[in-house]
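One structure is given here, and the rest of the page talks about it.
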Amino acid sequence: MNVPKWKYAVLLLVALAFLPGPPAPALGAGTGAVKGVMKTPWVKRYEGLVYIDRVEGKNFAPPKKPVFMGQKDMVFKPHILPVLKGTTVDFTNNDAIVHNVFSPPGSVKKFNLGTYGVGVTKYETFSELGEVTLLCNVHPEMLGFIIILQNPYFALTDKSGNFEIKDLPAGTYKLTAWHEKLQSASQQITVEPGKTVTVEFKDLKKR
Ligand SMILES: [Cu+2]
């Protein structure tokens, strides 16, 4: 019997189509972590922020709902708010007195919400990467920060400067340490699947 070669090829393809595929990857496969410490006494008073500058080829959608930046007892809460680019922040005045939230020059977004009373809601959307300082025209002691980021891979430090970013897709990244009292510093890291890279930020210079 003389079977044409192409018929064997078709049979092979049909057979391959019915073979079980590779097992589905376990949750979190292809991801690693980075942990470390920001070595500065400042972290006892104000937390630092460590983040991945950029994850290439990915677009991270901001949350659909506004993220809250409260004002309570003349303090911005949270003190530092990291958000994804495009996030709308809700500046509802949940204090017992009026506030006038604004950002000074040097912030990536300049805005002034005017003086507004208890329970009044004001919104602002942040579409540019970088740092926004929050001040209040009524209370000079009020200070807060919004840091606008490209991706959700960031972590605030604890009071000892420790941080950990988990579930990071494997790859090489620029990792940046931010602190309100210090100049930012960056280093390159390579994240491998299932592994944790350890880094240290030290000798950070005062702003
Ligand atoms: Cu105020």
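The figures that follow rest on heavy atoms only: side chains count, while hydrogens, waters and symmetry mates do not. First listed ligand is number 1; within each ligand, the first listed atom is number 1. All residue numbers in this chain count up from 1 along the given sequence.
- Rounding to 10 degrees gives 110° for the angle at the Cu ion (ligand 1) between SG of Cys136 and SD of Met142.
- Between the side chains of His179 and Glu47, no donor N or O sits under 3.5 Å from an acceptor N or O.
- Pro66 and Tyr123 make their closest contact through CG-CE2, 3.6 Å (heavy atoms, listed as atom of the first residue, atom of the second, distance).
- Restricting His99 to its N, O or S atoms, the one at the least distance from the Cu ion (ligand 1) is ND1.
- The salt bridge (Lys or Arg N to Asp or Glu O under 4.0 Å) pairs that include a residue from residues 52-67 are Asp53-Lys174, Arg54-Glu56, where partners are two or more places apart or lie in different chains.
- The atom of His139 nearest to the Cu ion (ligand 1) is ND1, with the search restricted to N, O or S atoms.
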Which donor-acceptor pairs under 3.5 Å do the side chains of residues 105-113 make with protein atoms, sequence neighbours left out?
residue: Ser107; atom: OG; partner: Pro104; partner atom: O; Å: 3.0
residue: Ser107; atom: OG; partner: Thr133; partner atom: N; Å: 3.1
residue: Lys109; atom: NZ; partner: Glu124; partner atom: OE2; Å: 3.0
residue: Lys109; atom: NZ; partner: Thr125; partner atom: O; Å: 2.7
residue: Asn112; atom: OD1; partner: Gly114; partner atom: N; Å: 2.9

